[in-house]
Amino acid sequence: MRHLWSLLAGVVAAPLAWLCLATGQYRSSRTVAEWNEKNLFDTAELIGPAAFLVGAGILLGLVGTLRWSPAGPLVAGLLYVIPTIFMFIDPFRTLDAFSVDQQRRLLDQDFQPWLPVENGTLLVLGSLLLMAVFSAQRWRRWDSCF
């Protein structure tokens with residue numbers, strides 16, 4: 001049963017975290033670009049993008065560190081590493097699959113799902129999640145406390 005819960009957590013958390021990453025990265029880069037253009041900044045404008053990035057970190061941290069089962073981090077890690085592998089095989093086709101030239105909106109937020117693939121964030125996070133699979137603590141059975 002713990003494998004099923006871990007698998008479900010990985011399948012749900014990975015896309016949500018990807019969405020948060022795509023939103024936070026896009027909004028923070030757009031904010032900084034506007035600062036450079038105006039030569040004026042207000043760091044309070046980064047609170048929204050930072051909240052999305054922190055949310056992604058919390059979601060992936062839960063999948064990667066909880067001692068449920070290695071199934072969740074394995075699935076989430078593969079989901080993140082595979083698009084990067086496709087970037088090495090055929091980058092233009094991979095980016096076309098994410099519709100790079102189209103602006104995306106969800107819940108009144110702009111995001112670009114290809115951005116974490118393009119800048120390597122998914123490769124880093126996917127590698128971290130895959131390494132969590134090899135934690136010896138994950139493979140041990142829990143001792144019953146009751």
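Just so we're clear, the structure is a prediction, and the values are computed from it rather than from any experiment.
- Leu53 and Leu16 end up in different hydrophobic clusters when Ile, Leu, Val, Met, Phe, Trp and Tyr side chains are linked at under 4.5 Å.
- Follow the hydrophobic side-chain contacts under 4.5 Å out from Phe52 and you never reach Val32; the two are in separate clusters.
- Within the 4.5 Å cutoff, the side chain of Leu122 has no heavy atoms near those of the Val81 side chain.
- Among all heavy-atom pairs drawn from Val63 and Ala76, the shortest one is CG1-CB, 4.4 Å.
- Panel note: side chain Ser28, backbone Pro49; no donor-acceptor pair is recorded below 3.5 Å.
- Taking each heavy atom of Leu79 and Pro83 in turn, the nearest pair found is O-CD, 3.1 Å.
- Rounded to the nearest 0.5 angstrom, Leu125 CG and Leu129 CG are separated by 7.0 Å.
- When all heavy atoms are compared, the tightest approach of Leu21 to Pro116 is CB-CG, 4.0 Å.
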Under 3.5 Å donor-acceptor pairs involving side-chain atoms of residues 33-48, not counting sequence neighbours:
unit_1: Trp35; atom_1: NE1; unit_2: Glu45; atom_2: OE1; d: 2.6
unit_1: Asp42; atom_1: OD1; unit_2: Ala44; atom_2: N; d: 3.3

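- Separating the OH atom in Tyr26 from the CH2 atom in Trp114 is a distance of 9.0 Å, to the nearest 0.5 Å.
- Annotation for Gly64 and Ala132: closest pair O-CB, 3.3 Å, computed over non-hydrogen atoms.
- Residues Trp18 and Leu7 do not share a hydrophobic cluster, defined by chaining ILVMFWY side chains whose heavy atoms lie under 4.5 Å apart.
- In this structure, the separation between CG on Leu115 and OG1 on Thr23 is 10.0 Å, given to the nearest 0.5 Å.
- Transitive grouping of hydrophobic side chains (ILVMFWY, heavy atoms separated by less than 4.5 Å) brings Leu130 and Ile82 into a common cluster.
- For the side-chain contact (heavy atoms from CB on, under 4.5 Å) test, residues two or more places apart in sequence or in another chain that qualify with Ala17 are Ala56, Leu59, Leu60, Tyr80.
- Residues passing the side-chain hydrogen bond (donor to acceptor under 3.5 Å, both in side chains) test with Thr121 are Gln25, Asn119, sequence neighbours excluded.
- Follow the hydrophobic side-chain contacts under 4.5 Å out from Ile58 and you never reach Val12; the two are in separate clusters.
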